[in-house]
Participant: 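Handing you this structure, nothing more for now.
In each ligand, atom 1 is the first atom listed, and ligand 1 is the first ligand listed. Worth saying up front: this structure is predicted, and the values here are computed from it rather than measured.
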Amino acid sequence: MQTQGHGTVALVPTMGALHEGHLALVRAAKRICNTVVVSIFVNPLQFGPNEDFDRYPRMLKEDVTSLEREGVGIVFAPRVDDIYPQGSANTFVEVGGVGERLDGKSRPGHFRGVATIVAKLFHIVGPDVALFGQKDAAQVAVLKSMVRDLNFSLKLVVCPTVRENDGLALSSRNRYLTAQERAQATALYRSLCAARDAAKRGVADPAELRRTMLQIVEEQPSVAVEYAEVVDPNTLLPVHDLAAGALLAIAAHVGKTRLIDNLLIENLSLENVSLDLPLSPSSAGEASCES
Ligand code: AMP
């Protein structure tokens, strides 16, 4: 792909089935670069054998329409055999350490697939800036590590998580949820908020924050927790001292659907820390952790 001569170029990598979370990245990209490239590619390499690659929502036509409405210059939507002409990759990007923690631990090979496709997209598109969502906090840590370790010359920009009015983080996978599961899925965000509130009240023991999270999600019969952790946002290693800030991260199966969410506690001395964007100003009270 030839993006030279387009001024500064921003890349927003996605798997499509676009929602307001993706569009927030696109709008941020438009504010900082002359040309925005959105890639849409459901990457088989990052799905495990029993995961949802086959049924992952694909709606290219609708996605292109919403990107046109946003004024996006280039949509890059390759086929699987354009990206992996030999059927799969022979060369992989493996991010050690951070890539083996949180989702990297529960989904072996996942971050190898993510890092490999993102490195390929960086080479194909040649962006000055690439934008990712805080919603996938472990992915952000892995890609920061890859960019640093492999000397990619571009800037990563991380945008806040966009949520439904009741706090559920937008995800292309939310459409899998039944009405009952959808209601129970709000427990993920509520558990993060409860832990963050506890930390702000002075609870300094990460184990107690984990218990707070677990207590809330385990009340929901359709929710099976995969992890609930208090970690350093860069290394994804458990945090022992909360003073410097931490990432509260949770992954759970709601029915058959795997969802993730997280909140950053950056500085506990700040009043009303608000890092996540509710969908509309009128919903701010409901989605806010302070409510
Ligand atoms: P995906 O299509 O799920 O691979 O996501 C593509 C990009 O959109 C990733 O950088 C995600 O972190 C980001 N993203 C997904 N959901 C949200 C959300 N609710 N808020 C902000 N960014 C998001």
Participant: Taking the minimum heavy-atom distance to atom 21 (C) of ligand 1, which of Ala24, Ala169, Cys159, Pro160 ranks first?
Facilitator: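 Among Ala24, Ala169, Cys159, Pro160, the closest heavy atom to atom 21 (C) of ligand 1 belongs to Pro160.
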
Participant: For atom 11 (C) of ligand 1, what's the nearest protein heavy atom and its distance?
Facilitator: Asp136 OD2, 3.1 Å

Participant: Check ligand 1 against Thr161 and write out every atom of the ligand that is under 4.0 Å from a heavy-atom position of the residue.
Facilitator: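 Per the distance check, 20 (N), 21 (C).
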
Participant: Enumerate the atoms of ligand 1 whose separation from the nearest heavy atom of Phe132 is less than 4.0 angstrom.
Facilitator: 10 (O)

Participant: Counting only heavy atoms, tell me which of Gln46, His19, Met15, Gln134 gets closest to atom 4 (O) of ligand 1.
Facilitator: Met15

Participant: List in chain and number order the residues that pass ring pair (Phe, Tyr, Trp, His ring centres under 6.0 Å) with Phe92, two or more places apart in sequence or in another chain; answer none if no residue qualifies.
Facilitator: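 So Phe92 forms no ring pair (Phe, Tyr, Trp, His ring centres under 6.0 Å) with any residue.
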
Participant: Heavy atoms only: which of Ile117, Val26, Leu25, Thr14 is nearest to atom 8 (O) of ligand 1?
Facilitator: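 Nearest option to atom 8 (O) of ligand 1, by heavy atoms: Leu25.
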
Participant: With a 4.0 Å cut-off, would you call Arg182 and Asp166 a salt bridge?
Facilitator: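 Salt bridge flag = yes for Asp166 with Arg182.
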
Participant: Is there a polar contact between ligand 1 and Gly133, counting only N or O atoms under 3.5 Å apart?
Facilitator: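 Such a contact does occur with ligand 1.
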
Participant: Which is it for Asp82 and Arg79 under the salt bridge (Lys or Arg N to Asp or Glu O under 4.0 Å) test, yes or no, and what are the steps along the way?
Facilitator: CA-CA 5 Å; Asp82 293 325; Arg79 292 173 319 185; 3.3 Å; yes

Participant: Whether the Asn43 and Tyr84 side chains hold a donor-acceptor pair (N or O, under 3.5 Å, no angle test) is what I'd like checked.
Facilitator: yes

Participant: I need the minimum non-hydrogen distance between Val42 and Pro44, along with the two atoms involved.
Facilitator: O-CD, 3.2 Å

Participant: Can Glu218 and Arg211 be counted as an ion pair, charged N to O under 4.0 angstrom?
Facilitator: no

Participant: So which heavy atom in the protein is nearest atom 1 (P) of ligand 1, and how far is it from that ligand atom?
Facilitator: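 Sorting protein heavy atoms by distance from atom 1 (P) of ligand 1 puts His22 NE2, 3.6 Å first.
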
Participant: Write out the residue and atom name of the closest protein heavy atom to atom 23 (C) of ligand 1, then the distance separating them to 0.1 Å.
Facilitator: Lys135 CB, 4.0 Å

Participant: By number and element, which atoms of ligand 1 are closer than 4.0 Å to a non-hydrogen atom of Pro13?
Facilitator: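 Selected atoms, number and element: 6 (C), 7 (C).
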
Participant: If we check salt bridge (Lys or Arg N to Asp or Glu O under 4.0 Å) with Glu51, which of these qualifies: Arg107, Arg258, Arg173?
Facilitator: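 Only match with Glu51 under salt bridge (Lys or Arg N to Asp or Glu O under 4.0 Å): Arg107.
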
Participant: In terms of atom number and element, which parts of ligand 1 are under 4.0 angstrom from non-hydrogen atoms of Leu170?
Facilitator: 16 (N), 17 (C), 18 (C), 19 (N)

Participant: For the residue pair Arg58 and Phe53, would you count it as a cation-pi contact if the rule is NZ or CZ under 6.0 angstrom from the ring centre and within 45 degrees of the ring axis?
Facilitator: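 Positive - Arg58 is close enough to the ring of Phe53 and near enough to its axis.
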
Participant: Heavy-atom distance to atom 18 (C) of ligand 1: which of Asn174, Val162, Ile40 wins?
Facilitator: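 Among Asn174, Val162, Ile40, the closest heavy atom to atom 18 (C) of ligand 1 comes from Val162.
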
